[in-house]
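Structure first, commentary second.
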Amino acid sequence: MSAVADGPGLDPIQEGIRLFNEEYFCEADAVLEEVWRPEHGEPRLFLQGLIQVCAAYHHFQNGNLVGAITLLQRGADKMRHYPPRYLGIDASGLIAHIDGNRGRIEAIQRDDATDAKIDFPRIERAPP
């Protein structure tokens, strides 16, 4: 299965979420950046936070615990400024999972266990 889907009319946010849920965090980051870059309205900061979360989980996959912790904090903090459900995403549930993962990664870092696992969140998005 290809990491990136093609096709006309593809919703790039939904595609980014699909990639995120399949744990292709680097690819999800790239897709979401294409939405974020030209955005100048209200969603811009939320999208930036989501992109940072993608990058954080990519860092974790590569054993960069400091980068993961830092970007999970920054990304979640940006998304906290939005309603509990935003862009059809359960933002409050996602943020709670991110916060839990950040705490777990901090514990992993203290124990110096870079091969430890975490439970990556899944993003559920209601139709617009």
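- Aromatic ring orientation, Phe25 versus Phe20: perpendicular (interplanar angle above 60°, classes split at 30° and 60°).
- Across all their heavy atoms, Val35 and Pro38 have their closest contact at O-CD, 3.3 Å.
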- Task: List the steps and the verdict of salt bridge (charged side-chain N to carboxylate O under 4.0 Å, His left out) for Arg37 and Glu39.
- Result: CA-CA 6 Å; Arg37 192 170 286 116; Glu39 178 62 55; over 6 Å; no

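- Remark: side-chain polar atoms of His97 are paired, donor with acceptor, to backbone N or O of Asp119 under 3.5 angstrom.
- Annotation: the span from Glu27 atom CD to Leu19 atom CG amounts to 6.5 Å, rounded to 0.5 Å.
- At least one side-chain heavy atom of Ile118 sits under 4.5 Å from a side-chain heavy atom of Ile108.
- Closest approach of Ile69 and Gln109 over heavy atoms only: CD1-OE1, 3.4 Å.
- Of all the heavy atoms in Ala28 and Gly16, the pair that sits closest is CB-O, 3.4 Å.
- Closest approach of Gln48 and Trp36 over heavy atoms only: CB-NE1, 3.4 Å.
- Gly93 approaches Asp90 most closely through the heavy-atom pair N-OD1, 3.0 Å.
- How far NE2 of His59 is from SG of Cys54: 11.5 Å, rounded to the nearest 0.5 Å.
- Phe120 and Phe60 have perpendicular rings, their planes meeting at more than 60° on a 0 to 90° scale where under 30° would count as parallel.
- The CD1 atom of Ile13 lies 7.0 Å from the CD1 atom of Ile89; values are rounded to the nearest 0.5 Å.
- In plain terms, the two heavy atoms of Tyr86 and Glu42 that are nearest each other are OH-OE2, 3.0 Å.
- For Asp11 and Arg18, the salt-bridge test fails: no basic side-chain N is under 4.0 Å from an acidic carboxylate O.
- Counting heavy atoms from C-beta outward, Arg102 and Thr70 have side chains that stay 4.5 Å or more apart.
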- request: Mind running side chain to side chain contact (heavy atoms under 4.5 Å, CB included) on Met79 and Val53 for me, showing each step along the way?
  value: CA-CA 10 Å; Met79 292 189 295; Val53 168; 3.8 Å; yes

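- Between the side chain of Tyr82 and the main chain of Phe46, a donor-acceptor pair closer than 3.5 Å is present.
- Residues Asn101 and Pro121 are in side-chain contact: their nearest non-hydrogen atoms beyond the backbone lie under 4.5 Å apart.
- Between His58 and Cys26 there is a side-chain heavy-atom pair separated by less than 4.5 Å.
- With respect to Asp77 and Arg74, no salt bridge is recorded, no charged nitrogen being found less than 4.0 Å from a carboxylate O.
- Hydrophobic clustering keeps Ile98 apart from Leu71 (ILVMFWY residues linked when any side-chain heavy atoms are closer than 4.5 Å, directly or through intermediates).
- Between the CZ atom of Arg85 and the CG atom of Leu87 there is a distance of 11.0 Å, given to the nearest 0.5 Å.
- Remark: Arg104 does not engage Glu106 in a salt bridge, criterion side-chain N to carboxylate O under 4.0 Å.
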Could you walk me through whether Glu33 and Asp29 satisfy the side chain to side chain contact (heavy atoms under 4.5 Å, CB included) test, starting with their C-alpha distance in whole Å, then the side-chain angles of each, then the deciding distance to 0.1 Å, before giving a yes or no? CA-CA 6 Å; Glu33 275 200 31; Asp29 179 317; 2.9 Å; yes

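- Between the side chains of Gln61 and Tyr24, not a single donor N or O lies within less than 3.5 Å of an accepting N or O.
- The CD atom of Gln52 sits 4.0 Å away from the NZ atom of Lys78 when rounded to the nearest 0.5 Å.
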